[in-house]
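Single-structure report; data block below.
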2 protein chains.
Amino acid sequence: MTTATLEREAQSRLAAYGVRFTRGRRAVVLALAEAQGPRTVAELAEVLGPSVPVSSLYRTLTVLEESGVVVPHYGTRGLTRYELAEWATGHHHHLVCIECGTVDDLEIPEGLEQRVEAVVEELADDQGFEPAGHSLEIEGRCRSCH
Amino acid sequence: MTTATLEREAQSRLAAYGVRFTRGRRAVVLALAEAQGPRTVAELAEVLGPSVPVSSLYRTLTVLEESGVVVPHYGTRGLTRYELAEWATGHHHHLVCIECGTVDDLEIPEGLEQRVEAVVEELADDQGFEPAGHSLEIEGRCRSCH
DNA sequence: CTCAATAACGATACTCATTCTCATTCAGTA
DNA sequence: TACTGAATGAGAATGAGTATCGTTATTGAG
Ligand SMILES: [Mn+2]
Ligand SMILES: [Mn+2]
Ligand SMILES: [Zn+2]
Ligand SMILES: [Zn+2]
């Protein structure tokens with residue numbers, strides 16, 4: 001997805017939610033587009049510098065989440081991470097380092113993906129659970145933490 | 001697994017880690033054994049009552065985690081949950097309610113489990129990642145939150 | 001273009017889950 | 001029983017995340 005398309009889509013979702021696509025919001029969306037996995041507020045603050053103060057960063061991420069532009073990820077100790085929603089990234093999974101906490105994106109083979117989805121539908125139904133998505137994460141030690 | 005076996009195993013792991021299996025630690029292990037999914041400190045405190053003060057509960061869970069008796073679960077906003085490790089529960093997955101945050105245990109068919117494991121090994125290897133486990137979670141709305 | 005009206009921003013105070021500290025109590029051993 | 005390190009528990013400290021509120025930027029009517 002090109003940057004222009006990404007911006008247009010984000011713009012449109014924010015508009016549908018009834019808010020503007022401001023400079024700060026654009027900066028956060030673009031920073032997340034550069035990332036190879038979900039990012040913490042601290043990591044984003046590092047990349048963005050003082051142009052987006054931390055209090056604004058938190059508020060921006062909340063707005064982006066509520067408008068469906070980003071999704072939160074809670075897979076690592078004590079820290080919430082954010083990434084662009086699946087309309088932007090495509091469906092994918094994660095490698096989570098249990099040592100340093102970094103999270104990287106990961107694609108899995110289409111065949112497995114389809115079987116996972118089938119099982120998700122079936123099991124969820126059995127339990128009176130209304131499925132909205134699934135996450136498959138591989139936990140272990142990343143290259144740097146071996 | 002019987003309560004007696006569970007206690008013996010927990011005992012042994014704590015001993016290997018060099019600490020005692022005290023009354024408070026036993027109470028926490030048994031409370032987790034009763035649960036149908038990972039539990040927050042607040043939920044455990046509710047069940048355990050004042051016999052295990054919150055500051056002790058946190059410390060106890062840290063010790064149990066370090067000795068391999070319990071594992072943390074970070075799948076819901078802002079709260080860490082704990083459950084008995086897989087040697088006690090068997091390998092399983094979770095249903096996570098995106099509305100109320102409750103998490104329930106879930107078994108998946110053996111066939112899928114094996115395929116997931118095969119893919120985990122293969123993909124992790126490709127990425128120079130040393131896999132230690134995986135988690136497959138179904139997100140959606142639970143019966144009470146439909 | 002000017003001027004309200006409204007949205008967004010940013011510094012700061014606050015909340016609350018979790019961790020730390022330290023004085024006290026407990027358990028194992030001689 | 002007395003000694004000693006482990007464990008406990010009350011409360012203080014920490015820090016990620018949220019709420020507040022005065023200021024600034026954007027919008028659109030006139
Ligand atoms: Mn991702
Ligand atoms: Mn579980
Ligand atoms: Zn790592
Ligand atoms: Zn629910």
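Just so we're on the same page: letters track the sequence lines, and every chain starts at 1.
Taking NE2 from His92(B) and CD from Glu113(B), the interatomic distance works out to 11.0 Å, rounded to the nearest 0.5 Å. With values rounded to the nearest 0.5 angstrom, Leu6(B) atom CG is found 6.5 Å from Leu30(B) atom CG. The OH atom of Tyr82(B) lies 9.5 Å from the CG atom of Leu64(B); values are rounded to the nearest 0.5 Å.
Per the geometry, OH belonging to Tyr58(A) stands 18 Å off P belonging to dC14(C), to the nearest Å. Look at CZ on Arg39(B): it is 17 Å from P on dA17(C), rounded to the nearest Å. Arg81(A) places its CZ atom 16 Å from the C1' atom of dG17(D), with the value rounded to the nearest Å. Computed from coordinates, the Leu44(A) CG to dA16(D) C1' distance equals 14 Å when rounded to whole Å. Distance CG (Leu57(A)) to P (dA19(D)): 16 Å, rounded to an integer number of Å. Look at OH on Tyr82(B): it is 11 Å from C1' on dA17(C), rounded to the nearest Å. Atom P of nucleotide dG17(D) and atom CD of Glu43(A) are separated by 11 Å, given to the nearest angstrom.
A salt bridge between Arg59(A) and Glu65(A) is absent, with no side-chain N of the basic residue lying under 4.0 Å from a carboxylate O of the acidic one.
Glu43(B) meets the salt bridge (charged side-chain N to carboxylate O under 4.0 Å, His left out) test with Arg81(B); sequence neighbours excluded.
Heavy-atom distances under 4.0 Å link DNA chain C to no residue of residues 63-80 of chain A.
The minimum heavy-atom distance linking Thr76(A) with Val96(A) is given by the pair CG2-CG1, 3.5 Å.
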Run the ring-ring contact (aromatic ring centres under 6.0 Å, His included) test on His134(B) and His93(B) for me, step by step, so that the C-alpha distance in whole Å, both residues' side-chain angles and the decisive distance to 0.1 Å come before the verdict. CA-CA 9 Å; His134(B) 68 268; His93(B) 298 275; 5.3 Å; yes
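Figure legend: cation-pi geometry between Arg26(B) and Phe21(B), with NZ or CZ positioned under 6.0 Å from the six-membered ring centre and within 45° of its axis.
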Under 4.0 Å protein heavy-atom contact, by nucleotide of nucleotides 4-12 of chain C - B base, S sugar-phosphate only: ---SSBBBB
